[in-house]
Structures are given as structure tokens and as C-alpha cells.
Amino acid sequence: MNLKYSSEDTKQYGGPTVVLFVTRFEKLTDNKLKELDELSLGALTTLLKSKEFTGKDGELATLYRPGEYRADRIVLAGLGDARKLNADSYRRAAGNVSRHKSLASSGKAAFYLGKSQKEEFYQAAIEGYILGSFKLLKFKTDKESKDQKILDEITFLFDNRRLLPRLKKAVERGVVFAECQNLVRTLASTPSNHLTPRLLANQAQKLAKVHGFTCKILDEKAVAREKMGAFLAVARGAKEPPRFIVLEYKGTRAARKPVVLVGKGITFDTGGISLKPGLNMHEMKSDMTGAAVVLAAVVAAARLKIPQNVIGLMPATENMPSATATKPGDIVTSRKGLTVEIINTDAEGRLILADALDYANVFKPQAVVDIATLTGAALIVLGYAGAPILGNSPKLLKRVKDSAERTAEKVWEMPIWDEHRENMKSTIADVVNSYGRPGGTITAAAFLENFIGDYPWVHVDIASVDVERSGKPYTPKGLTGTGLRLLADILYNWKAL
Ligand code: BES
Ligand code: MN
Ligand code: ZN
């Protein structure tokens, strides 16, 4: 997509369509709208009277050939109440615009965001447009569903020339955030026969080459050499070999300690011998979303040339039942040396994260964030609306909350109490991997806590926000890629803790 910037008036734009983002109005007081109403011989007044368009969240309306406007078409996109206006208002409105069919087929459009020309609004608008247009076409064979229409040129109109460099940067950042989130959606949607641990590793390697970071891949032998007994306990049931993928992005020459991101990469979770029920088991193809978020966040860091050092760790394996699979009750020794009694082979994510969190120590991290589709209980506590976060550092937790605010990827902190830590003790080994249903999200984090090093740590459980079931303005039905904007924003705004 071609992006252009212009300080010309909306009237002067020579392309086929101008999109005006407008907050909710009861009377035509805004000068731009007044003018548009006059030029269109009262079309807006008519719309307003008929209540067809009043600038509400989600509303779209189209005016054709409004007088002296050079464009053929004005699309009005509702932002909702002016008092509640924030970046996500633009993200949603632009998401709605992305599904306006005739607009997309007109090829080019100008976006006018209104008088409040804030960077975050520009970033959010392009994010909303690119995210809303996402569609996975790779597995479709018929032509009709293949020819998806999307604008090939957007001109951002702005009032104040002096703002141009910053607004341009904000738009470019929005493009990177949205494209990286769409990369997560693509990877998470790709079924397990098309995305095995080896294929995921290949993808990581390719992206590393393109974007200029390094990718080291540990195979089974290397993983065994690292004594990752918890990770291998999950991998041993599968015929597909596991991979432990290590990404390294150097954004500064300084010997600054890296931020380490860790993502759960279960390319398919059957539950193992503690087999899951068949209903909706196909959804477990996306149990590698955490790893995809980590990969895409490192890509984002590289594309934005973020001046930090970032490490991405992606333990990747299938969780399969078989004659070689780990059995409930088995005891294994983790990389850290702690013994784990595997009560439930379906609590596999925490096993692979345990060894990855311990491996993170190799890089002497200044902070570690792990992200995983870890527990069904996340959905029970917060519904589909947000992701539980837990950790050991109020400062790092605050960073995550601030990024959640900016990116509209909601998080909510939950506690880890000694009672939960107690729950995870084993009678005959050091720890158990499951305490069953009570406090499921918390006990999973309490388990992970046993394996972290002496570093600030936050765990993000995205099991609740991974799938969109009905379709939202900028989130089509399917895998959402949630977590990418959060981590990319954390990295973008990073400063020493
Ligand atoms: N991958 C699942 C968690 C999950 C469930 C993600 C639903 C997305 C939607 C995870 O490996 C799992 O099976 N967790 C178990 C843990 C239990 C056995 C302690 C769960 O949440 O039921
Ligand atoms: Mn599981
Ligand atoms: Zn899982």
C-alpha cells in the first residue's frame, strides 16, 4: 500500500474518495461539516434528520458528488462520542471503513482525521484499516474469494504542515504494528500440518534474514544437551521433532542487557495422554500464538529499528498422545534441576515455558515477558475482553498496563499468593504441573514462578483473547493476533526499568 501525505484541503483532493472521520453530532456546528452540508445542498442535514448518520461508533455513510469537492465520493466514518474519543475510536472506525466494498474498489482514498491531529490517532487509523482488511487467502482455491479488494493508496490529510514528520512516523509505526499483528494471525490460523515446529523455525529463519536479526535453531539433540527435560517431556509423544528457536535483535551497539520475550509454541495441543475432548479440538492449532507474537514482535523491533537489544525464545513442539508420550504421574527433571510431577499432560504449556524461562538467564535479561495461550481459566475470569497478567515486578507490570492502555489490548493483573505457591508443591517431587481447575490461571503462573531467574518478569495469558467469534470492527472472525501490539508497544517505549 502506498502512503501519501498532504496538507491540501479535503475539497481539493483529486482521488475518487475522501474519508472523513467524525465524532457524534446533534447539530451541524463543525465548520467542515457545515461546509460539506452547504456544498451538498443539505445532504448532511437530511442524513442527520433521518438519523442515518450522526457520527456514532460503527456508523458509515456515503455522499456522492458533493458540489465543489473534487472527489466523487465522501465516506463519513463515525467515531462515537467526542468526550470518549481515543485512539481506539479511530482504530474501530477505520476498521469499519476497511470493509466498505466500493471504497476499496476505487483504489485510492484520502483520510481526514479531524481537527485533533494527534500522532496516536494517525497510528490507530492505519492500524484499524490494515487489521480490518485481514483475510487469509492461502488455502482458498476459487478466484472469487481470492480477489480481495483493498485500497492501494491512502493519502493522509493534515492541517498543520509542521506536524508532518511526526504524523508520518506515527503512520509508519501503525503499518508495522498492523502488518506484524496480521503475521501473527496468519501463523496462528495456519493448521498444524502446514506449521510444524520445523516449519515454524524455517519461517523464523526467513524473517530473520529479511529483517536483519539472527535466528538460532536448537534441534532435539541441542535441546537434550541443554537438559531441557520439561520441554522434552512434552515433545516425546510426537513424531514431528521439536525446535527451540532463539531470535536475537541487536538494536544498540551498547552492551545493554536485553529484554527477553518468551512465547509458547505448541503447534498442536491434543492434551497428550490426558486427551482433550474432540469438540473444538481443532482450535488447538493456534496454541503457538505466543511464539508467533514473540517472532512478530522481534520483526517489529527490527523494522522500527528500536534502539534496544531483544531476545525472542520460542519453544516449539506438538503435544501428542502416543506410545512414547509422557504419562500422567511421570516425573521429569527440568533444565533448572527442579523435578516436576506431571499430573496432567494437558498442562504442557507451562512445562515448555519453564525451561525457556530458565534458559533466558543465559542472556542476563533486564526484563522477561512471556506470552502464552496457557489456561482456559483465563476466559473464565475475564471473558473474551482481556488478558490476565501476573508477575513479580510492579514496575514491569505498570509498563505492560500502560502499553495495554495505548494499544487497546486490555490486561488485568491477578495476584500470586503463597496459597497458590503451596498448591503447586508435590508430595514426591519438587512441584506438580497442575492443580486442576481452582484458580487455574494463577496456579499456572505460580508454577512458572519456580523457574524464573533473578529478573523482573511478567506473564501474559492470552488464551482468552486469541479467538474472535463474531467479528469486530478491526478484528475479523478467527485468530486475532492479540498480544502483538502490546509487546511491540512495550519494546517501542522501552527505557531502563
Ligand atoms: N492450550 C491450553 C489452554 C487453552 C484452552 C487455550 C482453551 C485456549 C483455549 C492449555 O495447554 C491447557 O490445556 N490448559 C489446561 C490446564 C489444566 C490441565 C490445568 C486448561 O486450561 O484446562
Ligand atoms: Mn494443554
Ligand atoms: Zn496448550
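Just the heavy atoms: all of them, side chains too, but no hydrogens, waters or symmetry mates, feed the values below. Ligands are counted one by one from 1 in listed order, and the atoms in each one are counted from 1 as well.
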> Is the backbone of R485 close enough, under 3.5 Å, to the side chain of D489 for a donor and an acceptor to pair up by distance?
Replying inline: no
> Looking at the Zn ion (ligand 3), is one of the N, O or S atoms of K264 less than 2.8 Å from it?
Replying inline: yes
>> Using a strict threshold of under 4.0 Å (side-chain N to carboxylate O), is an ion pair present between K264 and E348?
In response: yes
> Would D466 count as a contact of ligand 1 if the rule is a heavy atom under 4.0 Å away?
Replying inline: no
> Name the one of R243, R225, K239, R236 that satisfies salt bridge (Lys or Arg N to Asp or Glu O under 4.0 Å) with E220?
Replying inline: R243
> Is the closest heavy-atom distance from K276 to ligand 1 below 4.0 Å?
Replying inline: yes
>> Between the Zn ion (ligand 3) and D269, which N, O or S atom of the residue is the nearest one?
In response: OD2
>> I'd like to know if R91 and E127 make a salt bridge, using a cut-off of under 4.0 Å between side-chain N and carboxylate O.
In response: yes
> Which atoms of ligand 1 are found less than 4.0 Å from any heavy atom of A463?
Replying inline: 6 (C), 8 (C)
> In the protein, which heavy atom is nearest to atom 12 (C) of ligand 1, and how far is it?
Replying inline: D346 O, 3.2 Å
>> Testing V400, I371, V310 one by one against L487 for a side-chain contact (heavy atoms from CB on, under 4.5 Å), which residue passes?
In response: I371
> Nearest to atom 18 (C) of ligand 1, what protein heavy atom do you find, and at what distance?
Replying inline: N344 ND2, 3.3 Å
> Is R399 salt-bridged to D402, cutoff N-O under 4.0 Å?
Replying inline: no
> Can you tell me which residue and heavy atom of the protein come closest to atom 16 (C) of ligand 1, and the distance to 0.1 Å?
Replying inline: R350 NH2, 3.7 Å
> Just which atoms of ligand 1 are under 4.0 Å from any heavy atom in T373?
Replying inline: 1 (N), 2 (C), 3 (C), 6 (C)
> How far apart are the closest heavy atoms of R185 and G481, and which atoms are they?
Replying inline: CG-N, 3.7 Å
> What's the shortest distance from atom 9 (C) of ligand 1 to any protein heavy atom, and which residue and atom give it?
Replying inline: M284 CE, 3.5 Å
> In E348, which N, O or S atom comes closest to the Mn ion (ligand 2)?
Replying inline: OE1
> Do other residues, nucleotides or ligands put more than 12 heavy atoms under 6.0 Å from K276 NZ?
Replying inline: yes
>> Taking only non-hydrogen atoms of K264, do any sit less than 4.0 angstrom from ligand 1?
In response: yes
> atom 22 (O) of ligand 1: protein heavy atom closer than 4.0 Å?
Replying inline: no
>> Can you report which non-hydrogen protein atom sits closest to atom 2 (C) of ligand 1, along with the distance?
In response: D269 OD2, 3.6 Å
> In D287, which N, O or S atom comes closest to the Zn ion (ligand 3)?
Replying inline: OD2
>> Salt bridge check, D219 against K221: does any charged N sit closer than 4.0 Å to a carboxylate O?
In response: no
> Which atoms from ligand 1 have a heavy atom of E348 less than 4.0 Å away?
Replying inline: 11 (O)
>> For T345 and L351: C-alpha separation, side-chain torsions, deciding distance, then whether side-chain contact (heavy atoms from CB on, under 4.5 Å) applies.
In response: CA-CA 9 Å; T345 64; L351 292 172; over 6 Å; no
> With no hydrogens and no angle check, do the side chains of D466 and S286 hold a donor and an acceptor under 3.5 Å apart?
Replying inline: yes
> With distance as the sole criterion, is a donor-acceptor pair present between the side chains of T373 and T289 under 3.5 Å?
Replying inline: no
> Identify the closest protein heavy atom to atom 14 (N) of ligand 1: which residue and atom is it, and at what distance?
Replying inline: L374 O, 3.4 Å
> Testing D358, V223, L218 for side-chain contact (heavy atoms from CB on, under 4.5 Å) with F231, which one passes?
Replying inline: V223
>> Restricting to N, O or S, what is the name of the atom of D269 that lies nearest the Mn ion (ligand 2)?
In response: OD2
> Among protein heavy atoms, which lies nearest atom 20 (C) of ligand 1, and at what distance?
Replying inline: G376 N, 3.9 Å
>> Just to confirm my output: which protein heavy-atom neighbour is closest to atom 19 (C) of ligand 1, and how far is it?
In response: S434 OG, 3.4 Å
> Which atom, counting only N, O or S, brings E348 closest to the Zn ion (ligand 3)?
Replying inline: OE2
